[in-house]
There are 2 protein chains.
Amino acid sequence: MSTFAAISDPTRREILALLRSGEQAAGDLVEALKRPQPNVSKHLKYLRDAGLVQMRIDGPRRLYRLDAAPLAEIDQWLASYRAFWSDKLDALGDHLGRSD
Amino acid sequence: MSTFAAISDPTRREILALLRSGEQAAGDLVEALKRPQPNVSKHLKYLRDAGLVQMRIDGPRRLYRLDAAPLAEIDQWLASYRAFWSDKLDALGDHLGRSD
DNA sequence: GCATAATATGCCTTGACAGGAATATGCCGG
DNA sequence: CCGGCATATTCCTGTCAAGGCATATTATGC
């Protein structure tokens, strides 16, 4: 799954957002997301495959941490479009505001 | 379709890239993409729904132009992660380089 | 070695999207 | 009003991902 596809899912974006505050065990993420454990585990696998998170084993637990390096690809892609909206933002207003 | 989902498809990113050079008729895009016309037309519909392109009618033709405003949402989302890779880039090297 | 906790994997169903082919719509010139 | 061009829409099929459930794996404590 490409980086673009990986971040196109809201649940995965939520996981990434949670990991901004530091390394967390899979179980903590399950609890925070209030979602079935297998579901979270599967999303973590996608994120692992996309290189967006890294995992290390701590006893019985798996600790996940954010690896934002692949996001540089998105950033670079976005860069070539920045000129097309930065000068219009004031006119268009911001239909924004998300943190997941 | 969300902005994230809209840009997750390579064909649609290619269309957006083509529109950076200015307004173009649907037919021109079909020719540039070397792809069946209905296919392109469908992707244009997704892009329209996502607000990433705008269309105006010119006689029998449809002229499409880029509207990058929704990309500001991606940019804002990305902003909260920039701190996580900008300080590591030199160590990781760039596995990048795309223009579609 | 066994029970148990933490996590991953497998299977199933459903829905969404991609690609292709055929067809419909809209606009124009004659 | 008819034929032709430009574009959209529809139908079909294959694939893939999401969500839910059951089950397998792995490590720990006893």
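We name chains A, B, ... by the order of the sequence lines, and we start the count at 1 in each one.
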B:R61 and B:D28 ion-paired at < 4.0 Å: no
With the 4.5 Å side-chain cut-off for hydrophobic clustering, are A:M55 and A:L44 part of the same group? yes
Taking the side chain as everything from C-beta on, heavy atoms only, tell me whether A:D9 gets closer than 4.5 Å to A:R13. no
Can you tell me the distance, in whole Å, between the CG atom of A:L63 and the C1' atom of C:dT7? 12 Å
Could you tell me whether the side chain of B:L71 reaches within less than 4.5 Å of the side chain of A:W77, counting heavy atoms only? yes
Within 45 degrees of the axis of the six-membered ring of A:F84 and under 6.0 Å from its centre: does B:R20 put its NZ or CZ there? no
At under 4.0 Å between heavy atoms, how does the protein contact nucleotides 17-22 of chain C? Give one character per nucleotide, 5' to 3', with B, S or -. SSBBBB
Could you check if a side-chain atom of B:Q54 sits within less than 4.5 angstrom of a side-chain atom of B:Y64, using non-hydrogen atoms only? no
Distance in angstrom units between A:R61 CZ and C:dA8 C1', rounded: 17 Å
Measure the distance from CG on A:L47 to P on C:dA8 and round it to the nearest whole Å. 12 Å
Identified side chain to side chain contact (heavy atoms under 4.5 Å, CB included) counterpart of A:V53 within the set A:Q24, A:E23, A:R48, A:H43: A:R48
Flag the pair A:V30 / A:R35 as yes when at least one side-chain heavy-atom distance between them is below 4.5 Å, and no otherwise. no
Span of DNA chain D in contact with chain B (heavy atoms, under 4.0 Å): D:dA6 to D:dC11
